[in-house]
Structure formats: structure tokens, C-alpha cells
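To find a chain, count down the sequence lines: A is the first, B the second, and so on, and within it residues start at 1. Keep in mind that this is a model prediction, so the values were computed, not measured.
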Number of protein chains: 2
Amino acid sequence: MPQNKTIEPRPVMGKLSVLRKHPIFCDLDAEAFEQLGRYAKSATLKRGATIFSKGDPGNSLIAVVSGTVKISISSPDGRNAILNLIGPGEIFGEVAVLDGQARTADAIANSNCEIVVIDRREFLPFVKSQPALAMKFIELLCTRLRWTSGQVEEVILQDLPGRLASALLRLTERRKASQDSRTIAVTQQEISEMVGMSRESINKQLRAWASRNWVRLEHGAIVVLNAASLQEIAGSGAEDD
Amino acid sequence: MPQNKTIEPRPVMGKLSVLRKHPIFCDLDAEAFEQLGRYAKSATLKRGATIFSKGDPGNSLIAVVSGTVKISISSPDGRNAILNLIGPGEIFGEVAVLDGQARTADAIANSNCEIVVIDRREFLPFVKSQPALAMKFIELLCTRLRWTSGQVEEVILQDLPGRLASALLRLTERRKASQDSRTIAVTQQEISEMVGMSRESINKQLRAWASRNWVRLEHGAIVVLNAASLQEIAGSGAEDD
DNA sequence: CGGCGCGTGTGAAGCAGATCATACGGGTTG
DNA sequence: CAACCCGTATGATCTGCTTCACACGCGCCG
């Protein structure tokens with residue numbers, strides 16, 4: 001990794017390696033991938049920057065190089081819900097790109113971010129020219145659909161402890177690939193918006209678990225110590241404190 | 001439409017016309033469609049019959065010819081949630097067929113049904129041989145994803161009146177294609193499971209609206225009289241009775 | 001280094017919706 | 001036609017979660 005204080009020698013190349021590793025693109029042959037690279041533009045964002053908003057035309061597919069992006073929606077009365085957090089190496093915004101409809105949620109940089117943007121107009125013909133790629137997208141969409149269905153299930157059937165446990169487990173799962181598993185760098189406020197319950201309630205539940213050593217609370221982070229117990233609570237309408 | 005009391009002269013043919021009209025298959029050329037027809041088997045189900053259960057391997061894509069199918073999940077403690085109702089001319093079960101994973105929900109005949117079943121083993125190679133078909137499935141999956149995301153949004157951000165209004169509007173929307181719009185043939189119990197709230201609460205809200213002539217309640221059905229007002233309540237955290 | 005903003009921690013009070021109990025009509029089935 | 005089941009209707013109570021109100025520690029920045 002070269003420094004990025006100076007002007008980068010290979011502006012997009014380094015960032016494309018992230019794309020290269022993504023399940024969607026990893027099987028592309030070198031030539032096709034190079035073509036893809038020509039469509040890509042990179043950008044740097046400050047925390048809080050809006051990438052797109054609900055209702056915008058969906059003109060681009062975005063890949064996260066570093067940092068995390070928050071996919072969320074907000075209601076007129078100020079409440080808002082986090083649907084997903086997108087980390088390095090992941091992509092988002094594919095639905096609007098693929099079907100040409102408006103975006104269904106907001107995307108906001110949750111930390112300083114580097115992203116790679118691929119324009120729909122160039123990308124869509126590219127996908128059609130690569131049948132294998134279409135199948136990959138089908139798989140991606142299926143995965144998303146399973147995830148989202150799971151959320152509906154959770155929100156409708158489970159109570160606060162169940163939902164919170166599920167959310168924590170999902171977040172650790174996600175980070176499994178990276179180095180320090182079990183430590184989740186999110187604020188309680190963020191978790192409350194992911195789970196759809198008030199920050200205070202989340203805090204109380206977390207403290208209850210902390211006193212049992214199921215989790216440890218740090219400033220701006222949560223460490224899962226006893227995943228098994230959480231699993232049990234997440235799995236069913238189980239008994240709890 | 002011939003009678004179906006006697007043995008049908010063309011067992012699958014008549015039912016395939018339903019497939020033929022579906023957006024996914026309508027653009028297939030005659031030859032390909034005929035091939036598809038050879039993969040299809042039809043079946044008749046009694047109300048309450050299980051088509052598949054959560055966790056089953058996803059071996060088939062199903063199209064509904066007549067009747068409606070309920071896609072639902074249930075928690076160990078007896079509560080259950082209806083994720084979707086599939087009516088005549090619609091298909092379901094595509095996620096498990098496309099990605100080969102287990103089913104994420106149960107499918108149960110909500111009335112006596114005729115269905116057409118297409119086996120994954122034959123269907124998947126067929127899809128791969130028809131690039132246009134893959135794109136159609138991408139569109140279908142995108143639509144599903146938008147729908148499901150909308151559900152998450154609704155469940156997290158809206159209260160009972162909002163969710164109920166949204167559900168009613170969605171159901172009338174769905175029936176727009178068929179003859180008698182505005183009359184929704186569902187029990188209040190079913191609606192409560194779609195919305196994720198208790199039957200009693202649903203009933204009270206519906207009666208409140210009935211007294212304003214926004215809806216009319218019949219036995220096993222609800223008639224939407226004032227869609228505009230419901231739209232307003234569904235659209236935002238609006239005021240209400 | 002003192003202030004200010006953000007993330008956290010806690011209790012009191014209020015409320016939306018769940019649960020419980022009970023009743024009634026209509027349709028079907030022995 | 002009587003018994004029963006299902007769907008609807010409605011009030012009383014109960015409760016999980018929200019809201020509000022406030023306090024504390026930490027890190028950042030003028």
C-alpha cells in the first residue's frame with residue numbers, strides 16, 4: 001500500500017484489486033476485467049457524505065474500498081432505520097443498476113471512505129455480454145433476498161433480546177473474514193437503528209448481558225464473549241433476564 | 001376453458017397458458033417454451049396442503065394456476081407471519097431454485113389450488129441456455145427485493161395504522177389486474193399475520209375506519225372505499241383516530 | 001485547559017399494542 | 001336442527017418498550 005498523501009501513481013489500479021477479489025468479479029478473465037476497470041471511477045468521501053438518496057435514479061454500482069457505508073431509510077417524523085452496513089470489499093446499489101428503477105434507500109458514508117463507482121450505462125451492456133456475470137448477480141440478489149427476508153422474519157417474530165442477539169451475531173459473522181472478530185465497532189445508537197428499537201432499551205439489554213459476561217461494552221464498540229448464549233436467544237423466543 | 005370435472009384432454013397444456021403470460025416467460029420463442037413445457041408437471045392441492053417447508057432443499061419453481069398460496073414463517077412459540085400471498089399467474093420459490101440453497105419459508109395452499117411445478121435440475125440448465133431469461137430473473141429478483149425491503153421499512157418505521165393501510169393498499173393493488181378491485185378476500189386473522197400485529201388490534205382499527213366509511217367489512221373480506229385517505233396514513237406517520 | 005459534543009448509563013412515567021375473556025352470527029356437518 | 005367451528009366484535013387488564021429527563025466520562029479543539 002503506497003501512501004495516499006501524495007498523488008497516487010496508479011489512481012484506480014490499486015482500488016480495483018478490491019473488485020478483483022469480490023465473488024461477483026473474481027472469475028472474470030483478465031481481458032474482461034480490464035474493460036470493467038475502464039468503467040470504474042474512484043472517489044473519496046468524508047464521514048456523513050451522501051452517496052445517493054432514496055428516490056434518486058439508480059445510475060451507478062458502488063464498491064467500497066475502505067471505510068463503511070450505511071444503507072438506511074428515514075421516515076418524515078425523524079425516525080430512521082439502518083438496513084445494512086457495507087464494508088470494504090463489498091458492493092451495493094446493484095438493484096437500481098440492474099432494474100433501472102429509483103433507489104429505495106439512502107447510502108451515506110459511515111466513516112471516511114474510498115469507493116469505486118461504475119456507471120450503469122456502461123455496466124449494463126457489459127453484464128449482458130458476460131452470461132456468467134449475470135448468473136453471479138442472480139446469486140448475489142438471492143443472497144440479499146435471503147438476508148432481507150430474514151430481517152422481516154426477525155422484526156415480526158422476535159422481541160428485543162432476540163433481535164439484538166441476532167444483530168450482534170450477524171455483525172460478528174460479517175467481520176469473521178477480517179482480523180479481529182468478535183469486536184464490533186458500532187455505537188449503541190447505530191445498533192438501535194439496525195434493530196429498530198430505542199437506544200435506551202438496547203443499552204439496558206446490553207448491560208444485562210455484560211453483567212453475565214456475554215458481552216463486553218467499550219466506547220463505540222461491543223465485544224461478543226459468549227456467542228453460544230446469544231445464539232440460543234436469537235434462535236427462539238427463549239427465556240432471558 | 002373446458003370443464004375440469006372430466007379428465008382433461010390436454011393435461012398440462014391449458015395450465016401452461018398461465019406460464020406463457022408471465023413476464024418471465026412471455027418473450028420466449030415458441031421452441032424454447034415448448035421445451036419448458038416438457039419440464040412442467042401440474043398438481044392439484046387442497047386448502048392447507050403444504051407445498052414446501054422452511055429448510056427443505058429448493059428443488060422446484062412453482063407457478064400458481066388457480067387459487068392462492070401463502071408464503072409464511074412460524075416461530076417455535078406458535079406465532080407466525082405471512083410474507084406474501086401468491087395468486088393465479090404468479091410464480092414463487094425462485095430464490096431456492098436459482099441459488100440451490102434451502103427454502104427460507106413455508107409455502108402452503110391458502111385455498112384449493114392448481115399449480116405447475118418445474119424441477120430445478122432441468123430448469124437451471126435451461127435458464128443458462130437462455131441469456132434473456134437470466135436477465136428476466138434478475139428483474140424479478142430486483143422486484144422481490146424492493147418489495148421485501150419495503151416490508152422491512154414498513155415494519156420498523158410505521159405503527160399499526162400505517163402498516164395496516166399499507167397492507168390494504170398493496171392487496172388492492174395486486175388485485176387491480178383482476179375484475180373486482182377494492183374487494184380483498186382475506187380474513188382479519190390473515191391480515192394480522194401479514195402486518196405482524198394481533199388480530200384484535202387489526203379489528204379495532206378496521207372498525208374505526210369502517211365508521212368513517214373508509215372501508216367496509218364483510219364476512220371474510222374487506223372493501224376499500226377511500227384509498228386516498230389510507231394512502232395518506234400509509235405514506236407518513238400521519239394523524240389518525 | 002476548559003468547554004462542548006458525542007456516546008453511554010439509569011430511573012420515572014406514559015402508552016401502544018398484546019393478552020385475556022367473552023359474546024355473537026353464520027355456515028357446515030353429524 | 002342442534003352442535004360446532006370459524007370469523008368477527010369488544011371491553012378489561014397487563015406489559016414491553018418508548019419517551020423524557022438527567023448525569024457522567026471521554027476525546028477533541030479552539
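The distance from atom CG of A/N110 to atom C1' of C/dC6 is 14 Å, rounded to the nearest whole Å. Nucleotide C/dA16 holds its C1' atom 8 Å from the CE atom of B/M197, rounded to whole Å. The interatomic distance linking B/D159 (CG) with D/dG16 (C1') rounds to 17 Å, in whole Å. Regarding A/I222, its CD1 atom lies at a distance of 11 Å from the C1' atom of C/dT8, rounded to whole Å.
The side chain of A/S201 contributes no N or O atom lying less than 4.0 Å from OP1 or OP2 of D/dC17.
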Can you tabulate the close N/O pairs, meaning under 3.5 Å, that link protein atoms to atoms of nucleotides 26-29 of chain D?
none

When you compare the protein's N or O atoms with those of nucleotides 9-11 of chain C, which come within less than 3.5 Å of each other, and at what distance?
unit_1	atom_1	unit_2	atom_2	d
C/dG9	OP2	A/Q188	NE2	2.9
C/dG9	OP2	A/N203	ND2	2.6
C/dG9	N7	A/R199	NH2	2.8
C/dG9	O6	A/R199	NH2	3.4
C/dT10	OP2	A/R207	NE	3.3
C/dT10	OP2	A/R207	NH1	2.7
C/dG11	N7	A/K204	NZ	3.4

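Taking every side-chain heavy atom of B/T187 into account, D/dT8 is the closest of C/dG17, D/dC17, D/dT8.
With B/R199 contributing its side chain and B/Q188 its backbone, the two residues share no donor-acceptor pair below 3.5 Å. Looking only at distances, a side-chain donor or acceptor of A/S111 sits under 3.5 Å from a matching main-chain atom of A/T68. Here the side chain of A/N80 pairs no donor or acceptor atom with the backbone of A/I73 at under 3.5 angstrom.
Side-chain contact, B/S72 with B/E193: no donor N or O sits under 3.5 Å from an acceptor N or O.
Under the side-chain contact (heavy atoms from CB on, under 4.5 Å) test applied with A/I62, the options A/V116, A/I115, A/I91 reduce to a single match, A/I115.
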Original post:
Would A/I233 and A/W209 count as a side chain to side chain contact (heavy atoms under 4.5 Å, CB included) if you check the C-alpha gap in whole Å, the side-chain angles of each, and the deciding distance to 0.1 Å?
Top reply: CA-CA 11 Å; A/I233 286 190; A/W209 288 342; 4.0 Å; yes
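The shortest distance between side-chain heavy atoms of A/M194 and A/L85 falls below 4.5 Å. Looking at B/F92 and B/I71, their side chains come closer than 4.5 Å, going by heavy atoms from C-beta outward.
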